[in-house]
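Quick note: numbers below take in every heavy atom, side chains included, and nothing from hydrogens, waters or symmetry partners. Labels below follow one simple rule: chain letters A, B, ... track the order of the sequence lines, proteins then strands, and each chain is numbered from 1.
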Amino acid sequence: AQSVTQLDSQVPVFEEAPVELRCNYSSSVSVYLFWYVQYPNQGLQLLLKYLSGSTLVKGINGFEAEFNKSQTSFHLRKPSVHISDTAEYFCAVDLGFQKLVFGTGTRLLVSP
Amino acid sequence: ETGVTQTPRHLVMGMTNKKSLKCEQHLGHNAMYWYKQSAKKPLELMFVYSLEERVENNSVPSRFSPECPNSSHLFLHLHTLQPEDSALYLCASSQGDSNYGYTFGSGTRLTVV
């Protein structure tokens, strides 16, 4: 079975500071990993994904994530956040057969 | 706009009502999904349709009834719901395997009173 764990339910950070949102997965097979962002009153938007190849994946809005197989992690990072980055962030793993399993989400709160 | 449109955006219904949620995608995708998003819970996959055939039903109560008349449209018919069914219902679509990523609609905020 595969699952996704996002340990931090909320991460407060000041504007222009760096941020890391943690994601760990459990899987015994090759995985495809995703990060989605949800702004208030909207659906989920794909930020980035890891399928294969380079372990450092760059996404939209200046975000990047690093796939670490030995630590079964896929943490999301941004070197300098903006107020507009305030949103809910979801990590997800592909179960195959057209099924994505999502974590419980991390709320990023950026304050001035 | 993401290319996946959900209507209505908000819905308030009584426990004895019958209503339907609609999802439409103009992306040429061949798979569509219903997810339920409740506070403090992971997104729950409810139904998966691939090439208009249901391929997944995650033990969803029968008071939720999906319909996929063609590859562009997906409905969720609701009847005799309970207050705990209040949530954000998200529709998504994808092309082929999900490793291409899903495209989500903005959701329908459902409140059952």
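Follow the hydrophobic side-chain contacts under 4.5 Å out from B:F47 and you never reach B:V4; the two are in separate clusters. Under the 4.5 Å side-chain heavy-atom criterion for ILVMFWY residues, a single connected hydrophobic cluster contains both A:W35 and A:I60. Residue B:M46 is not grouped with residue B:F75 when hydrophobic side chains (ILVMFWY) are merged at heavy-atom distances under 4.5 angstrom, including chains of intermediate members. The same ILVMFWY cluster, assembled from side-chain heavy atoms under 4.5 Å apart, contains both A:V81 and A:I83.
Within a 6.0 Å radius of CD in B:Q82, more than 12 heavy atoms belonging to other residues, nucleotides or ligands are found. No more than 12 heavy atoms of other residues, nucleotides or ligands shown are found within 6.0 angstrom of CG on A:N41.
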Between A:Q38 and B:L43, is a side-chain contact (heavy atoms from CB on, under 4.5 Å) present by the stated rule, with each step listed? CA-CA 12 Å; A:Q38 185 177 31; B:L43 273 76; 5.7 Å; no
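When heavy atoms are compared at a cutoff of 4.5 Å, B:Q37 approaches chain A solely by way of its side chain, counted from C-beta outward. Interface remark: B:R109 contributes no atoms to any contact with chain A (heavy atom separation under 4.5 Å).
Of all non-hydrogen atoms in B:L90 and A:G43, the two that sit nearest each other are CD2-CA, 3.9 Å.
To the nearest 0.5 Å, atom OG of residue B:S106 and atom CG of residue A:L44 are 10.5 Å apart. To the nearest 0.5 Å, atom CG of residue B:L45 and atom CG of residue A:L100 are 9.0 Å apart.
Aromatic pair A:F34/B:Y102: ring centres not closer than 6.0 Å.
For the ring pair (Phe, Tyr, Trp, His ring centres under 6.0 Å) with B:F104, the qualifying choice from A:Y39, A:F90, A:Y36 is A:Y36, the only one to do so.
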